[in-house]
Structures are given as structure tokens and as C-alpha cells.
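Below, each value reflects all heavy atoms present in this structure, side chains not excepted, and no hydrogens, waters or symmetry copies. Note that the structure is predicted; figures quoted are calculated from it, not measured.
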Amino acid sequence: MSQVPSGPAAADDLGPVLWQASPERAAACTMTRFLTWLSEREGRDFPDHDSMWAWSVEETDRFWAAMWDFVDMRSPTPWTAVREGDTMPGVRWFPGASVNFAERCLRPGADDDPALICLKEPAAGGQLEPRTITRGQLRRDVAALAAWLRSVGVRPGDRVAAYLPNIEHAVIGCMAAASVGAVWALLSPDFGSEGTIARLSQLEPTVLLAVDGYHWQGRTIDRRDVAVELAASLPTVRQVVQVSYAFPGEPLPGYAADGPAVTAWVDAIATDAPLEFEQTDFSHPLWVLFTSGTTGMPKGLVHGHGGILMEGLKWAHLYADLGLGDTYFTYTTTGWMLWNSQLLGLAAGSSIVLYEGSPGYPDFGVLWEAAGLVRAKVFFLGAALVTATQNAGIVPKERADLSCVQTIQVSGSALPTAGYPWVYENVSADVRLDSTSGGTDICGAFVGGNDLLPVRAGRISGPLAGAAIAAWDDDGKPVTGEVGELVITRPMPSMPLHLWNDTDNARYLDSYFDPWPGVWRHGDWITLYSDHSVVIHGRSDATLNRDGVRLGSSDFYGVLEAMPQIQETLVLGVEQPGGGYYLPLFVVPAPGHELDDELIAAIRTELRTKRTPRHVPDEIIAAPAIPHTLTGKRLEVPIKRLLQGVPLEKAANLAAVDDPDVVRWFAEFARTRSVGGSAST
Ligand SMILES: CC(=O)CC(=O)SCCNC(=O)CCNC(=O)[C@H](O)C(C)(C)COP(=O)(O)OP(=O)(O)OC[C@H]1O[C@@H](n2cnc3c(N)ncnc32)[C@H](O)[C@@H]1OP(=O)(O)O
């Protein structure tokens, strides 16, 4: 673990209230209904969110039992306990209960109600053209695809993989796989074949749903070659379902004749079938989400049907105030957990909006136009996209009628303080701006706002019910008003069941429960204030989070260190004051090579094509060597802290590194570059 930053503690100055719900809105929201209902049920008063939160993390079992009833979870067999076990990981939730994620998502609403509103980025000079898929149509297509999956031999526990953009086929595919009890894994087609194979091959999928292409910034990106390569490189795949989306009407790509069978999407969903749901155990695996760390293969986080439903329905009802008839618009790619979490909008009875394409084409006004067009009640987007709109000088309320938007949720990275008043001036004076944060790891949020809490610039309102968060110092002591490590001290239902292929939990324990066994260390620096409001300062580990896009350094090292011209590399992500992010790559050329323009260009191309265009560094710099700990790990966090302006003696322990002179070289580089500037983060 790295040392808690030793900069000055931020002052506990709350700042002015920018927004507070009207008495009418506060009285009508689901959170108020829940507090009233809970007070009656528990025979004690819960006057506000804070009192409920404090109880929820003390009385974990009573809280989740109440949640089960409030969100109307149903099981053909009763649960016998809320939990078995208390020590993370390894807690088993609601033993005895059977739930199916797809069944719950498809349950609410009449057949005529909208389920999916599909949008794609407009063609040059064109308009946004929403296309609605009703709940009846969605149910029909899921039933048909699920029956097809069964017909080709897919059984509970088998893996169904997909390489699709944010289009209806991905939602139908996920629901169909979940109906059968198969494990779903979705990769975004901005990923190159190598990164996709590194992830999917671990799962040994039997079926692959693959797209022909997608849209990005006015271009149609052809992915037919990648689809063919995936089919050829994943030997366990027996069936490919080809989605013709970007090149409709064109022949199927040229899959190898001796490879898997290939079926066109339209044929796979051609036959009507009854909706049938495998009655899966509460903890049956639902999907695998990948995150990539500093070493080893990308980690496959396995989430369960019931845990994702409990956590997500809590969030959708209480914190997003979603219900029947509402429209929920999340801007996401299929590579972010926001894609998965938006599905909980369906489970809450709302329609969800699938936007395929770039958020900035033709400009950053387009998403706001889309939010107005679909009459979104809740609009969720990366905080960096709010900043991008602001920087582009776009005034959303001049571009669209946004009176429908009651809540704007932002996440991924911290919204700079100046972004808050900007929203109230340029989007709407009456909107709850909800800065929220969580992670792919739990496919949910730990902290955020709700309709009963005020909005203040630069502050996240507080922890969510059931999330026992704390800020701990290096000695594992809770701190208030000072920067500490974000920890979660009580189990949450959507924590991973396990990591894929991690039979003894070694990687799981190492990733989240080190150095404090039984306590989840999330990997963020956080300040928790006495009023429970929160500021997140950035990653405390070496995970890169570039403007809300999470990247793993091992994905860089894997590609670069296969290049014969390179001996070793170090990639860093440096949060900067004001919300900026700097991603430098340090390169030690192999003997006989130098970091010239040709090598720099080759590095950019390798990362762009073998990983994603988002992996291209801001700067590529020659270094004399890369420093390591005495056990051989790259010194990522200490060097990052040097670049953030932390003095050498506080950033690194020179007695514990293999080459102190190299660390001094980085300290000198940081001094001359001054790219960071905040000693406290
Ligand atoms: C953290 C969690 O775990 C929880 C979440 O999921 S929250 C996730 C929320 N995150 C977000 O919403 C992310 C918001 N940020 C962004 O969209 C962007 O950083 C930004 C719009 C703010 C800045 O845009 P940018 O500087 O162009 O960076 P970015 O979008 O990463 O693109 C980098 C390059 O990749 C390209 N690119 C990105 N996606 C691409 C795609 N699908 N296909 C082709 N090219 C793509 C871009 O065009 C750009 O290319 P150039 O360098 O040639 O211009």
C-alpha cells in the first residue's frame, strides 16, 4: 500500500447550497416513501437519509431484508437467511432464494410501454432519430434468442460473449443469456482484437455475438475483420451470431469454413418462443466485467444475479427516483459498467436510452439534444463530458428543452467545482446535480446524492444506504476531514462472487483486501467530512482513470514490451488541479535502439490498434531506466506522486527501491515539468 498523502487537510467548508428539492419534490420522491415505509416496518423513526444510512450499515441484515420487500423481489423458494458469513469476501447472500436478472428486468410494464429508445450519432448535417422498442417487442426478441441459445446447446453456466456497441442487440443478448442462466460478457468494439482475445479467451465462451461495425465521429468503423479474427482465435466458440448493423444488406464477413457455425442475427431471433427463465440461485453468476490492473491478465469480475438486482434496484428507486413510465438516459459505451448498471432502469420499470456513437459529434451539444428529445427524467454522463461541453462554449438549455430532466448524474471522474454553477446557469436552475462514484468492481455506487440532500459545489452528498464507507489512514484508523483510503467495512450484495479463474481467491484477496483482511480497499483517495459529504481525489493505486475512462497499466506493458525496440516502460495517470489528467509513458529503449520519431509513432500505432485509441499517451518520454521495489514491482504510485508535486522524501522510500538514482532522475523530471501541483492528492 502507498502512503496516505501528507498534504494539508482540506478545510471543512461546505460552501453554499446550489440546489435543494422543493417541498413538493421532496414529499413525492421514492426516498421519502421508503423512509415512511421503513419507519412503520421497523417501529422507529427515520426522519432523514442520514439516520437511515447509519442504521443500514449497523443493521446490515435488517436493511437488506427490508430492501428485498421494498423493491418487491420475488423467489419461488423463500430465502433462509439474509447472509451466510460476515467476513468479506465469501459472504453468501439470501441462500435459498432463486432469482433471474432477466425475468426481473422484463417483468414491469405493459407490452406497449417503451423499453429501449435507440439513438445513433447523427450523420453529417443530419438529425437524431429515436427508434423505440416496446417492452412487448423486447420480451419477444429475448424469448426468441434465448430459445435459439438453448437450441444450440447453451446451458446454465456456459459463457455467451459479445463484441457489440451500445445497440439493442446487446441488451437482448444479455437478457437472453441471463434467461438461460448463461454467463454474459460484453466487450466494446473500440477494443482491438488482441485486447478482446486476452479477455474473452479466459472465459472459454461457446457463443459469440459479433457486430460488423459502429459509428464514431461521422465515420463508420469496420469491425468485420476483428469479428472474423475473434471467431478464429477463440477455439471454444461453436456458434457466431453476426449482427449486421453498420453495413446492413452486405454479405456476412468471410468466416473460415472450418470455424464455428455462423448465423445471422435475424435468423437467430426469427422464431417466436415462450419467455422462459432459468430459476437461478441468488448467487448464480450473471456476467463477467473486466478490469485491468498493473500486472497479469485482465481481471474478470464475476457478479451474481441477485446481488446486482438488490444493489441496482436500491440505487434506481431510492437514488435515481426511477419508476414506471420514466426515461433514463445513460451515455456509455459497452466497455463501461454504466452499460450494465443502466439495465437496472428496466428492472425499475423505466425505459432506457441507448446512444451509439461519439458524445462529441457533431459537437458536445448532441447528448443534451438527445436528453431533451427523449424527455429523459434522469441523465447520466461522465463528468468529463460536462466539462467538455463547458469548454466548448455550448449552452445546453439553448440547444434543447431540458425541462424534463430532473436529475443529472455525473461520474467517472470528479466534476471540477466550477462545473456545478455552470450546470445551474447553462442547463437548468432546477435540476439535482448528483455527483456519484463507485466502480466496475461492484457495478454500482458507494457515494452519491438523493432528493433529500442539498447540492454543493465540489461535494458528493454522502454514502449510499448499505455502503459502510470510511476514510482510513496508513495505520487503518478512520479519519474525518483528511485525505484517506476509501474503504468499505461491511459486505455489499453486488461485490464480486469471485474473480474468474481465481480458484483460491488469491487474486481477489490481493486486489481488494490487502493490507486489511476483511476490509475492502477500493483504491481511491477520499476525504469524508463530518456532515458525511465526500470529495474523491483520484486513484491511490496505479489504475489509470483518464477523464472517466479506466485503463490498466498492464494493458500498456503487454503490448509495448512485446516490441523488440523496447526494454521496459512505465505508464502513469496523473490527476491535475482543475480536473485535468496527464498520461505520460516513459520508455527505456532496448540496447541498440533509441526513442526517435519512428519508435514514438510505432508505439502510438500499437496501442491504438491492439488496445484502443484511448490508450494513446499524452507524451512519450525516454527514461534511463524504470525503478522497482525490492520485490521487482514497478514504482508506479511513488513516481505518480512525484509528478503531482510531492517531495521526493515523502513520495518514495529510497531504501526500498532497486535503483535510487533512477528515482532521483524522475524527481528531477517532475521538478522541471511541474505537471501536477497538488501535494494533497
Ligand atoms: C469509472 C467507472 O468505472 C464508472 C464508469 O463507468 S463512469 C464512465 C464514465 N466515463 C465517461 O463518460 C468518459 C468521459 N470522457 C470522455 O468521453 C473523453 O475523455 C472526453 C470526451 C472528455 C475527451 O475526449 P478525448 O480527449 O477525445 O479522449 P477520448 O474520447 O478518450 O478519445 C481519445 C482518442 O480515441 C478516439 N476514440 C475514442 N473512442 C473511440 C472509438 N470508439 N472508436 C474510434 N476512436 C475512438 C478519439 O476519437 C480520440 O482520438 P484522437 O486522439 O485521434 O482525437
Side-chain angles (χ1 to χ4, degrees), residues 2 188 190-192 195 291-295 298 333 335-336 359-360 382-385 387-388 391 411-414 416 439-440 523-525 536-561 563 566 568-588 595 597 599-623 626-627 634-646 651 665-667 669-678 681:
S2 63
S188 170
D190 58 355
F191 249 87
T291 64
S292 177
T294 54
T295 53
T333 76
W336 305 340
L385 293 174
T387 306
N391 292 344
S411 192
S413 53
T440 310
D524 280 339
W525 293 127
I536 295 189
H537 305 278
R539 294 295 301 188
S540 63
D541 62 12
T543 297
L544 311 169
N545 184 352
R546 188 185 214 179
D547 295 331
V549 180
R550 187 171 162 159
L551 309 167
S553 51
S554 65
D555 268 331
F556 289 77
Y557 302 143
V559 167
L560 297 173
E561 290 167 20
M563 294 172 71
I566 291 178
E568 198 176 7
T569 53
L570 180 76
V571 65
L572 302 173
V574 185
E575 295 92 357
Q576 295 177 299
Y581 200 76
Y582 173 58
L583 198 145
L585 173 75
F586 294 92
V587 175
V588 183
L595 188 69
D597 289 348
L599 181 52
I600 288 175
I603 288 172
R604 289 180 187 279
T605 305
E606 286 288 284
L607 287 170
R608 185 177 275 273
T609 53
K610 294 199 169 148
R611 290 301 181 254
T612 77
R614 298 182 199 266
H615 283 79
V616 177
D618 292 322
E619 193 176 358
I620 302 175
I621 303 144
I626 302 300
R634 279 173 249 241
L635 219 58
E636 291 166 316
V637 176
I639 304 296
K640 163 181 163 166
R641 298 197 58 221
L642 285 174
L643 289 174
Q644 286 180 313
V646 177
W665 181 91
F666 277 94
F669 175 86
R671 195 186 64 73
T672 53
R673 300 301 294 269
S674 181
V675 292
S678 167
T681 53

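Pairing each heavy atom of Val571 with each of Leu583, the nearest pair is CG2-CD2, 3.6 Å. Across every non-hydrogen atom of Asp541 and Thr543, the tightest pair is OD1-N, 3.0 Å. When all heavy atoms of Ser413 and Ala384 are compared, the closest pair comes out as OG-N, 4.0 Å. Among all heavy-atom pairs drawn from Ile639 and Leu635, the shortest one is CG1-O, 2.9 Å. The two residues Lys640 and Leu572 have their closest heavy-atom pair at N-CD1, 4.0 Å. Minimum heavy-atom separation, Pro617 to Arg546: C-NH2, 3.8 Å.
To the nearest 0.5 Å, atom OG1 of residue Thr569 and atom CD1 of residue Ile621 are 12.5 Å apart. Note that CD1 of Ile600 is 4.0 Å distant from CG of Leu595, once rounded to the nearest 0.5 Å. Taking CD of Gln644 as the reference point, atom CD of Gln576 lies at 9.0 Å (rounded to 0.5 Å). Between the CG atom in Leu643 and the CZ atom in Arg673 there is a gap of 9.0 Å [rounded to 0.5 Å]. Atom CG of residue Asp190 and atom OG1 of residue Thr612 lie 5.5 Å apart, to the nearest 0.5 angstrom.
For the pair Arg634 and Phe586, the NZ or CZ position fails the cation-pi test of under 6.0 Å to the six-membered ring centre and within 45 degrees of the ring normal.
Counting only distance, with no hydrogens or angles, the side chain of Ser540 and the backbone of Gly523 share a donor-acceptor pair below 3.5 Å. The closest donor-acceptor contact from the side chain of Arg614 to the backbone of Val549 lies at 3.5 Å or more, if one exists at all.
Residues Leu560 and Leu607 form a side-chain contact, since some pair of their non-hydrogen atoms from C-beta on lies under 4.5 Å apart. Two residues are said to be in side-chain contact when any heavy atoms from C-beta on lie closer than 4.5 Å; Phe556 and His615 meet this criterion.
In this view, Phe191 satisfies the ring-ring contact (aromatic ring centres under 6.0 Å, His included) rule with no residue, not counting sequence neighbours.
A salt bridge is defined here as a Lys NZ or Arg NE, NH1 or NH2 lying under 4.0 Å from an Asp or Glu carboxylate O, and Glu575 with Arg539 fails to meet this definition.
More than 12 heavy atoms of other shown residues, nucleotides or ligands fall within 6.0 angstrom of atom CG in Asn391.
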